[in-house]
Amino acid sequence: MARTNTGLPLEQGEKVVWQSRGGGPAGWGAWVYVVAALVGLHLCGTLAFVPILILGASTSSSYDSYGEPYDDRPEMSTSDYLAASLPSLLCTLISFGFVGAAGYVAIKPRLRPSYFLTPRALVTTKLLGGYERWPLDRIREMRQYVAVYHGRYGQRQEVPTHRVELQLDSGAWVKVGPIAEMQGLLDLYEHAVATRWIELASLPEIGGELAPGEARSDVLFVARTRTTAMNYGPLFVGPTRVIRFTEVPEAHQLARLYTLLAREGDAAESEELVVSTARGGSFGHFVDAAREDARPSVDGTTITLRLGERSEPVEVSSADADRARAFFASRR
């Protein structure tokens, strides 16, 4: 099993097509909040004890509260006083260590990507280090976890969370999360695993590797474009048509386009699939023009389309501009 630069364990030929940090409501049980309250109260007590301990160590313990020396008690040195207070000091350090460890465990998944989806598995980071792998062929259902709370007088309250529930082939249910981009994961699972509307293997790798549809030389597909500092949808240039999606698609909609372009077939067949999908109405507004009329050209990081009497600049990344330049040069 190979490992990526981040240490993520992947099988041979496997790639990460989606990732997310932790985040959002978790819907923990009431016992978690009870423990947190008890720990908080204990910390308040230890924090109040520390100044008293420091003050006691800096003054002689052989004087009473009025500043008069005790006649029948030997003077206690600072070291003796600290030694006598050592158990309390240890309890204080243990409390701070416990809170620090709990805070690290809770915050760590929110600081960097901790949940990953590949065409074969859902991979999650463990709280104490390492990774846990859930093969997709073992997952029978994935759904949003809704926490149910019961009030003092029997009131029932349902709270949608950012955790997901997985039903495994054994019948067991497990909870994963909270996941910041939970809805994106549910959409990909529903359309890729449950209905096969998209193929996860057709998506680009998170690390930057092109998707199969982007790596083609007979058509040009740019997933993300901009015009006048506004985000737009994908751009497709085929043998005879130019399709420019003006609305930013949902993750599963973009994945559908990747899937269509990854299918076997020549440029004309792929063009027909993209045009029919755009005209289906589920992708919102789009521009459909004959390629000979649009006369697409690239200058720097801008692809220019001629739409009637106006020219529309389509801003792309430098890598996409290089692909476009090579594509147009090969089609002259």
Side-chain angles (χ1 to χ4, degrees), residues 13 15 17-18 119 188 191-192 196-227 231-308 311-332:
K15 62 180 180 179
V17 298
W18 173 92
L188 287 176
H191 293 98
R196 301 294 181 183
W197 193 62
I198 63 176
E199 293 292 338
L200 293 178
S202 68
L203 303 184
E205 184 183 16
I206 291 297
E209 179 183 339
L210 294 177
E214 294 173 320
R216 295 179 59 166
S217 59
D218 56 347
V219 298
L220 175 66
F221 180 72
V222 180
R224 295 168 180 82
T225 64
R226 292 171 62 86
T227 297
N231 293 326
Y232 278 65
L235 171 68
F236 172 82
V237 180
T240 63
R241 310 298 302 178
V242 174
I243 303 292
R244 206 277 171 96
F245 296 89
T246 56
E247 297 182 19
V248 179
E250 299 290 338
H252 65 277
Q253 293 177 320
L254 181 58
R256 176 60 175 173
L257 293 177
Y258 278 126
T259 299
L260 295 177
L261 292 172
R263 291 180 176 176
E264 294 184 0
D266 59 19
E269 292 172 330
S270 297
E271 180 181 84
E272 182 179 356
L273 288 174
V274 173
V275 171
S276 62
T277 299
R279 293 175 179 175
S282 60
F283 282 76
H285 187 265
F286 66 97
V287 174
D288 181 6
R291 179 172 173 179
E292 61 181 6
D293 296 333
R295 289 181 289 171
S297 61
V298 58
D299 182 15
T301 58
T302 300
I303 300 175
T304 302
L305 304 177
R306 300 186 183 276
L307 304 176
S311 296
E312 181 169 348
V314 180
E315 302 168 17
V316 299
S317 68
S318 58
D320 288 332
D322 291 339
R323 290 198 299 114
R325 194 172 291 107
F327 172 77
F328 295 138
S330 65
R331 292 297 180 272
R332 289 178 180 174

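- Between R224 and L254, some side-chain heavy-atom pair lies under the 4.5 Å cut-off.
- A donor-acceptor pair shorter than 3.5 Å cannot be found between the side chains of T301 and S318.
- The CD atom of E205 sits 10.5 Å away from atom CG of L210, with the distance rounded to the nearest 0.5 Å.
- Here the side chains of T304 and D299 are not in contact, with every heavy-atom distance at 4.5 Å or above.
- Considering CZ of R244 and CG of L235, their distance stands at 7.0 Å, rounded to 0.5 Å.
- Among all heavy-atom pairs drawn from G300 and A321, the shortest one is O-CB, 3.3 Å.
- In this structure, CG in L257 is found 4.0 Å from CZ in F283, a value given to the nearest 0.5 Å.
- Looking at E272 and V275, their side chains never come closer than 4.5 Å, going by heavy atoms from C-beta outward.
- Here the closest non-hydrogen pair linking G233 and P249 is CA-CD, 4.0 Å.
- Annotation for A324 and V298: closest pair C-CG1, 4.4 Å, computed over non-hydrogen atoms.
- Separation of atoms CZ (R295) and CZ (F328) is listed at 13.0 Å; rounding is to 0.5 Å.
- Closest non-hydrogen pair, R323 versus L220, comes out as NH1-CD1, 3.9 Å.
- Without hydrogens or angle criteria, E247 side chain to H285 main chain gives a donor-acceptor distance under 3.5 Å.
- Defined by atom type and a distance below 3.5 Å, a donor-acceptor pair is present between the side-chain atoms of E214 and Y258.
- In this model, no donor atom of one side chain and acceptor atom of the other lie less than 3.5 Å apart for S282 and R256.
- With T225 contributing its side chain and V316 its backbone, the two residues share no donor-acceptor pair below 3.5 Å.
- For the atom pair CD (E271) and CG (L260), the distance works out to 13.0 Å, reported to the nearest 0.5 Å.
- Taking each heavy atom of A211 and S202 in turn, the nearest pair found is CB-O, 3.3 Å.
- Although no hydrogens or angles enter the test, the distance criterion places a donor-acceptor pair under 3.5 Å between the side chain of K15 and the main chain of L203.
- P296 has its side chain within reach of R291: a pair of non-hydrogen atoms, C-beta onward, lies under 4.5 Å apart.
- Rounded to the nearest 0.5 Å, atoms CZ (R306) and OG (S297) are 6.5 Å apart.
- The two residues A268 and P239 come nearest to each other via the heavy atoms N-CG, 4.0 Å.
- Aromatic ring centres of F245 and F236 lie farther apart than the 6.0 Å criterion allows.
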